[in-house]
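Reviewing the structure listed below.
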Amino acid sequence: MSNGELPIAVVGAGPVGLAAAAHLIQRGLPVKVYEAGPSVAANVRDWGHVRLFSPWKFNVDPAARAILMRHGWQEPPADLYPTGQDLVDAYLSPLSETAEIAAVVETGAEVRAIGRLGIDKVVSKGREERPFVMNVRSDRGGRRDLARAVIDTSGTWTSPNPLGASGLPAEGEDSFADRIAYGIPDVLGRDRRTYAGRTTLVVGAGHSAANVLIDLTRLAERDPRTNAVWSTRGTNLMRVFGGGANDKLEARGELGTALKALVESGRVTLVTGFGVAAIREDDGRLIVDGDTAEGRRSLGPVDRVVAATGQRPDPALTRELRLKLDPWLESTEALGPLIDPNQHSCGTVYPHGHRELSHPEPGFYTAGIKSYGRAPTFLMMTGYEQVRSIAAALAGDLAGADHVELVLPETGVCTGAPNADANVVSSCCGGPAPAEVDACCAADATAKATSGQGRGCGPAKTPEPGKVRTGCCGKAA
């Protein structure tokens with residue numbers, strides 16, 4: 001069988017992986033989707049209790065919609081905000097059950113490693129002529145499958161960051177793993193008994209932490225013995241508190257506003273500038289030691305710890321492939337300057353597609369949240385446009401692949417230095433733009449009003465060799 005007759009492998013049957021399959025099918029290309037979980041969207045089901053920031057109109061891929069419509073699908077109301085489980089029940093499961101998608105998806109099939117048939121990472125001669133080879137594990141044992149190209153949409157959900165502020169597990173973290181949860185536990189649902197009547201320390205400064213903290217305070221309304229303590233490594237909480245009414249995704253703005261109100265009311269105890277270093281036990285409860293500007297400090301006693309510290313890619317899958325990654329985000333290299341949280345959080349990323357998602361390994365693409373590496377700013381609509389472009393490129397339609405349009409809703413917050421005063425609304429570009437103006441910050445709004453051209457806020461440009469990255473409004477970072 002020639003390479004051209006082999007399928008294109010898609011690793012992961014989440015929202016972006018299924019969208020990739022839909023676009024490839026639409027292009028008439030052979031595709032095989034591998035899902036490690038027992039059903040499609042296994043990772044989404046894990047956070048099914050969480051409500052998305054974006055309404056339905058942003059969460060359905062166009063090619064997937066076309067397939068569903070042929071089967072009489074009733075699309076949910078465009079302006080409603082689904083939970084993860086809603087997304088599965090009303091969209092992803094019906095999509096996976098259509099004849100077109102069902103024929104190409106294998107669940108319970110874990111892709112453990114990817115390489116080139118007959119050669120290792122070192123060999124260059126004839127490399128692109130060799131098909132990809134994948135080690136696949138299922139309940140029927142191990143096997144090797146071949147593919148002409150690979151789109152990795154496996155995500156990062158199953159590879160959480162540890163509690164330790166250094167990026168390594170904190171001392172004692174492994175020993176107390178039975179009392180530590182990673183991600184977003186279902187505090188009000190399946191995990192309620194674990195948290196009711198107990199004191200929980202939530203570590204992290206992102207929206208996952210916000211969701212857990214808000215749920216813990218709701219649980220405390222039913223069981224007043226429940227307490228929530230929140231610690232963050234940094235001192236600037238602008239990103240999680242957000243732009244409020246200026247956030248173009250209303251639900252995201254409301255989440256940050258609600259969390260800020262809980263902190264100000266004292267219902268959530270907040271400790272900033274606390275880098276977790278160790279966990280120990282005292283009289284059956286946990287004490288968490290951390291480093292602060294004033295030296296070592298201890299938090300506790302607490303009963304549970306939630307590590308809402310984000311995720312990062314697992315490099316084991318692609319060890320034998322030639323990848324070009326951002327050295328600290330572990331995103332694709334070209335995306336690094338655009339999404340680096342050290343520089344900005346405007347939420348604006350310039351349109352990107354197959355070129356930014358490719359690697360020195362011909363035919364291999366990273367898409368979905370994994371393409372962002374450790375950066376926390378990914379939105380589903382970004383992934384849908386990514387795989388549309390990749391599918392077009394694989395079909396030989398480079399004009400269609402390069403014609404990428406992606407407009408992401410602004411956060412209402414443009415940040416400069418990450419350690420800026422947490423009480424300042426924005427340290428970059430003069431603060432957020434007025435809500436009625438289509439701009440990402442005050443300076444951008446002023447520039448558009450006076451000259452008709454903005455300041456270039458948000459999308460840091462990919463640096464030329466020897467140049468520094470640029471941050472918000474084109475300022476050097």
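Side-chain atoms of V305 and T200, non-hydrogen and from C-beta on, never get closer than 4.5 Å to each other. With a 4.5 Å cut-off on side-chain heavy atoms, V104 and K32 do not count as touching. The closest side-chain heavy-atom distance from R112 to V136 is not below 4.5 Å. The shortest side-chain heavy-atom distance between M134 and R144 does not fall under the 4.5 Å cut-off. Contact annotation: the side chain of L357 never approaches that of T366 to less than 4.5 Å [non-hydrogen atoms, C-beta and beyond].
Scanning for side-chain hydrogen bond (donor to acceptor under 3.5 Å, both in side chains) contacts around D152 gives S154, K370, with sequence neighbours left out. Here H352 pairs with nothing under the ring pair (Phe, Tyr, Trp, His ring centres under 6.0 Å) rule; sequence neighbours left out. With sequence neighbours excluded, no residue forms a ring pair (Phe, Tyr, Trp, His ring centres under 6.0 Å) with Y182.
Between the side chains of R45 and S39, a donor-acceptor pair is found at a separation under 3.5 Å. Side-chain contact check for D61 and H23: at least one donor-acceptor pair (N or O, by modelled atom type) lies under 3.5 Å. Between the side chains of H359 and T332, no donor-acceptor pair of N or O atoms lies under 3.5 Å. No side-chain donor from either of D86 and W56 sits under 3.5 Å from a side-chain acceptor of the other.
The main-chain N or O of F274 is never found under 3.5 Å from a side-chain atom of R233 such that the two would form a donor-acceptor pair. Checking side-chain atoms of Q311 against main-chain N and O of T158 turns up no donor-acceptor pair under 3.5 Å.
Relative to the ring axis of Y195, R304 places its NZ or CZ within 45° and under 6.0 Å from the centre.
When each of V387, I390, I151 is paired with L24, the side chain to side chain contact (heavy atoms under 4.5 Å, CB included) condition holds for I151 and for no other.
The environment of R140 atom CZ is sparse: at most 12 non-hydrogen atoms of other residues, nucleotides or ligands sit within 6.0 angstrom. Surrounding CZ of R65 are more than 12 heavy atoms belonging to other residues, nucleotides or ligands, all under 6.0 Å away.
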| task | Kindly determine whether W47 and D186 satisfy side chain to side chain donor-acceptor pair (under 3.5 Å), including the steps that lead there. | result | CA-CA 8 Å; W47 51 265; D186 189 0; over 6 Å; no

| said: Could you walk me through whether R137 and E110 satisfy the salt bridge (charged side-chain N to carboxylate O under 4.0 Å, His left out) test, starting with their C-alpha distance in whole Å, then the side-chain angles of each, then the deciding distance to 0.1 Å, before giving a yes or no? | reply: CA-CA 5 Å; R137 171 71 63 176; E110 179 188 5; over 6 Å; no

| task | Determine, stepwise, if the pair E221 / R267 fulfils salt bridge (charged side-chain N to carboxylate O under 4.0 Å, His left out). | result | CA-CA 10 Å; E221 293 172 358; R267 295 179 64 191; 3.1 Å; yes

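Between the CG atom of D326 and the OG atom of S371 there is a distance of 12.0 Å, given to the nearest 0.5 Å.
The residues E173 and R179 are annotated as not salt-bridged, no charged nitrogen and carboxylate oxygen being separated by less than 4.0 angstrom. Using a cutoff of 4.0 Å between basic side-chain nitrogens and carboxylate oxygens, D46 and R190 are scored as salt-bridged.
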